[in-house]
Each structure stands twice: as C-alpha cells, then as structure tokens.
There are 2 protein chains.
Amino acid sequence: MLEIQGLIQVLKAEGYRVTQPRKRVLEALALAQRPVSPYDIQKMLLQEGSYLNHVTIYRILDLFCLLNLAHRVSLVGGFVKCTLGAKEGCHRFMVCRQCGVLREFADKALCEEENEIAQDLGFHTERHFSEFSGLCSNCQV
Amino acid sequence: MLEIQGLIQVLKAEGYRVTQPRKRVLEALALAQRPVSPYDIQKMLLQEGSYLNHVTIYRILDLFCLLNLAHRVSLVGGFVKCTLGAKEGCHRFMVCRQCGVLREFADKALCEEENEIAQDLGFHTERHFSEFSGLCSNCQV
DNA sequence: GGCTTAATGCAACATTGTTGCATTAACGGA
DNA sequence: TCCGTTAATGCAACAATGTTGCATTAAGCC
C-alpha cells in the first residue's frame, strides 16, 4: 500500500501517531476516488467489518485537511483524498455532476489574476477556493 | 422597502405567491449583509417577535437560490442576498475572514479562462463556483 | 366574501458537527 | 518485550442542518 506509506511519513514528520482509524479512513478516501461524506466513510468501513465512531472520523478528517492529505469539496459536499503535492498552493476541483468523478488541479496564472481582481475590490486574498461542475469526458456522450 | 418591491416582482413574474414568511426572510438577508445560516435567520426573526418553522426557512432559501435572489456561500457556510443581476451568469464571492463582510462580483474573462482549463482536462463546464477569503480594506489596518 | 390551491406548520426522522470526559492503544525508553 | 506516558479513540449528550409526508392556513383568484 503506497497510500499508507505516504500517510506514515506525513504523520510521523508532524509528530502525529499512525493509528488504525487513520489508516482506515485514508484507505476509504483512496478507494472512493470521489467526494464522500463522513457518514459515507463510516458506512464503507462498517461493510468491511470495522466500526469507527463518527466523532473520530470528523477529527481524522480535520487533521487530514490540516496536513493536506484531504480536501473538503463544497460544491457537492464531502471530502476527497488530496492528489496534488502540498506545495502546489492553490487547489481547484472539477466535479462531474453525472458520475461524481473529480479531478484536482492547480493553475498559478489563475491565482494571480484572481488576486488582482480582489485587489481592485480592496481585498487582500489569502485563500482561493474554486470548484467547477459539469460533465467529464465519459459523461458527455 | 425597495427590497420588497423587487421580491414581489420576481415572485409574481414566476407565478409564486408573495407571502409574509418570504418577505421576512428577504428582509433578514438584506439586513445581515453577510452570510447567515437558516438557524441565524430563525433567531433574527424570533427577536422581532415572528416565528418561522425551520422547514419553511429551508424551503424559502431553496426558492430564493433558484430565482437568483440569494446565494449559498460555501466557504463560510450560510446564505446571502444576491446583489448582482441574474443575467450576469457566474457569481463569485470575496469574504473577509475577520469581519465577515462579503462582496459579490462577476468576471467574464475569468470564466472563459476557466472553461479552457477545464476543456484541457476533458471536462465541459456548466457551473463556476469561486470564493476567495482574505481581509477587506477595513480589516487590513 | 368565498373558493381553490400554493405555501406554511408540524411531526418525525437522518445526517452533520461539537464538547467533555473515560478508556485504549501507539510508541519511546528501560 | 514489557511498561509507562500520553495522544488518540470511544462514548454520552447535545446543537444545528436538512428532508419527507401530511394537516392546516392564507394568498390571490372570482
């Protein structure tokens, strides 16, 4: 499991413990490949015979978001495993409204442009957050 | 109340009734000027002595979003009264993380650029959704 | 003013999210 | 490899978000 190797490294590097629940939640996210809710994760794991308290799942997801191991996707609701490196800075999502598949990407030019627009409105931008929804290549028919 | 005049026109034009609860929710949104949750709205109205069931508030907010009278802001959670015309197409938000003030804007050039990027990923974009958070001119000190 | 029916209220429920405290298990050192 | 420390999890209890079906009310027509 390459996924788990990465998890172990990130957690250890930041001084967090590598626990069973954390490994299981990451596996569930990796398996889903599209946004899943905390409740979805709980059900997925239950089917495999392992119970996690919902409080635990929320805390793990909070930690994962903090460590850039996962992202919250607002447009559809739910969390996805991060596929980009932490250093990329801004993270954007393209979600298919039909099949739910998600692609993550980063675009520096877009970031700069957005900063300028915000500046014109008197704002100093810290976080960019953008999601597009539409149809993926498979669902366009 | 100019707000209410606009509401009456939009609702009548689309064949919806102009009811007390709908007028009250719009007034609350207009008064807030920043994202407020359905629960916030219920409490605001309660302070003015009028009770609305939470189900009613959810249904009214759904309708307002459909009619472009309000928007859901994901970054901070909550709803805001729409300040742009429905014809503007894509709507974007800039929220101040300090005071919560919100500015809505549209940028056609940005939309086109985003469409191109999505195209390169094989996606056909339908909805653009972008929110920036940072500091407004007042809070930058 | 009365009729029709859209809109609201209510009951009941599922999901999301938070806090405090008891219990468990990760992991570093003996 | 056991043992102690303490981070992490589980549990209880709660608040907020959100949905559905059905009874009741009131908006807007005549």
Side-chain angles (χ1 to χ4, degrees), chain A residues 4-5 7-29 32 35-47 49-67 69-80, chain B residues 4-5 7-29 32 35-47 49-67 69-80:
Chain A
I4 301 306
Q5 286 312 312
L7 178 75
I8 291 173
Q9 282 174 22
V10 174
L11 289 180
K12 291 215 164 174
E14 301 289 331
Y16 294 99
R17 293 184 181 173
V18 180
T19 65
Q20 287 303 318
R22 285 176 183 164
K23 285 195 264 182
R24 290 199 189 110
V25 170
L26 190 79
E27 277 172 356
L29 285 175
V36 282
S37 71
Y39 190 62
D40 289 333
I41 293 171
Q42 193 177 42
K43 282 185 291 186
M44 285 173 74
L45 293 176
L46 215 52
Q47 285 192 328
S50 73
Y51 166 80
L52 285 189
N53 190 280
H54 74 286
V55 179
T56 302
I57 295 172
Y58 283 111
R59 291 199 270 231
I60 289 174
L61 288 172
D62 281 347
L63 181 66
F64 281 5
C65 286
L66 187 75
L67 298 178
L69 290 165
H71 284 299
R72 174 191 294 265
V73 183
S74 300
L75 202 57
V76 286
F79 293 81
V80 283
Chain B
I4 300 306
Q5 286 311 313
L7 178 74
I8 291 173
Q9 282 174 23
V10 174
L11 289 180
K12 291 215 164 176
E14 302 288 332
Y16 295 98
R17 293 183 182 175
V18 180
T19 65
Q20 288 303 318
R22 285 173 182 166
K23 285 195 265 183
R24 290 197 190 114
V25 170
L26 189 79
E27 277 172 356
L29 285 175
V36 282
S37 71
Y39 190 62
D40 289 334
I41 293 171
Q42 192 176 42
K43 282 186 290 186
M44 285 174 75
L45 294 176
L46 216 52
Q47 286 192 328
S50 73
Y51 166 79
L52 286 188
N53 191 280
H54 74 287
V55 179
T56 302
I57 295 172
Y58 282 111
R59 291 199 269 230
I60 288 174
L61 287 172
D62 281 347
L63 180 67
F64 282 6
C65 286
L66 186 74
L67 298 177
L69 290 164
H71 284 299
R72 174 192 295 264
V73 183
S74 300
L75 202 58
V76 287
F79 294 81
V80 283

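All of these numbers come straight from a predicted model, not from anything done at the bench. Naming: A, B, ... by sequence-line order, numbering from 1 per chain.
If you measure from atom CG of A/L7 to atom P of C/dA26, you get 13 Å, rounded to the nearest angstrom. Distance B/K12 NZ to D/dC29 C1': 11 Å, rounded to the nearest Å.
Between B/L52 and B/I41 there is no side-chain heavy-atom pair separated by less than 4.5 Å. Residues B/L63 and B/R22 have side chains in contact (heavy-atom distance under 4.5 Å, counting atoms from C-beta outward). Counting heavy atoms from C-beta on, the side chains of A/L11 and A/T19 never come closer than 4.5 Å. When side chains are defined from C-beta on, A/V18 does not count as touching A/I4, because their heavy atoms never get closer than 4.5 Å. B/Y16 has its side chain out of reach of B/L7: every pair of non-hydrogen atoms, C-beta onward, lies at least 4.5 Å apart. The shortest side-chain heavy-atom distance between A/L29 and A/L61 falls under the 4.5 Å cut-off.
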Do any N or O atoms of the protein come closer than 3.5 Å to N or O atoms of nucleotides 15-18 of chain C, and which pairs are they?
{"unit_1": "C/dT15", "atom_1": "OP1", "unit_2": "A/Y39", "atom_2": "OH", "d": "3.3"}
{"unit_1": "C/dT15", "atom_1": "OP2", "unit_2": "A/Y39", "atom_2": "OH", "d": "2.5"}
{"unit_1": "C/dT16", "atom_1": "OP1", "unit_2": "A/S37", "atom_2": "OG", "d": "3.2"}
{"unit_1": "C/dT16", "atom_1": "OP2", "unit_2": "A/Y39", "atom_2": "N", "d": "3.4"}
{"unit_1": "C/dG17", "atom_1": "OP1", "unit_2": "A/R72", "atom_2": "NH1", "d": "3.3"}
{"unit_1": "C/dG17", "atom_1": "O6", "unit_2": "A/H54", "atom_2": "NE2", "d": "3.4"}
{"unit_1": "C/dT18", "atom_1": "O4", "unit_2": "A/H54", "atom_2": "NE2", "d": "3.4"}

With 3.5 Å as the limit, what N/O pairs link the protein to nucleotides 7-9 of chain D?
{"unit_1": "D/dA7", "atom_1": "O4'", "unit_2": "A/R17", "atom_2": "NH2", "d": "3.2"}
{"unit_1": "D/dA7", "atom_1": "N3", "unit_2": "A/R17", "atom_2": "NH1", "d": "3.3"}
{"unit_1": "D/dA8", "atom_1": "OP1", "unit_2": "A/R17", "atom_2": "N", "d": "3.2"}
{"unit_1": "D/dA8", "atom_1": "OP1", "unit_2": "A/R22", "atom_2": "NH1", "d": "3.2"}
{"unit_1": "D/dA8", "atom_1": "O5'", "unit_2": "A/R22", "atom_2": "NH2", "d": "3.4"}
{"unit_1": "D/dT9", "atom_1": "OP1", "unit_2": "A/T19", "atom_2": "OG1", "d": "2.8"}

Are there any protein N/O atoms within less than 3.5 Å of an N/O atom in nucleotides 2-4 of chain D, and if so, which ones and at what distance?
none

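The line from CD1 of A/I8 to CG of A/L26 is 10.0 Å long, rounded to the nearest 0.5 Å.
Residues B/M44 and B/A28 share a closest heavy-atom pair of CE-O, 3.5 Å.
When the side-chain contact (heavy atoms from CB on, under 4.5 Å) test is applied to B/R59, the partners found at least two apart in sequence or on another chain are B/V55. Annotation: side-chain contact (heavy atoms from CB on, under 4.5 Å) contacts of B/Y39 (sequence neighbours excluded): B/S37, B/Q42, B/K43. A search for side-chain contact (heavy atoms from CB on, under 4.5 Å) contacts involving B/Q20 returns B/K23, B/R24, not counting sequence neighbours. Applying the side-chain contact (heavy atoms from CB on, under 4.5 Å) criterion to A/D62, with sequence neighbours excluded, gives no partner residue.
Comparing the start and finish of the helix from C/dG1-D/dC30 to C/dA30-D/dT1, five pairs each, the helix axis swings through 30°, to the nearest 10 degrees.
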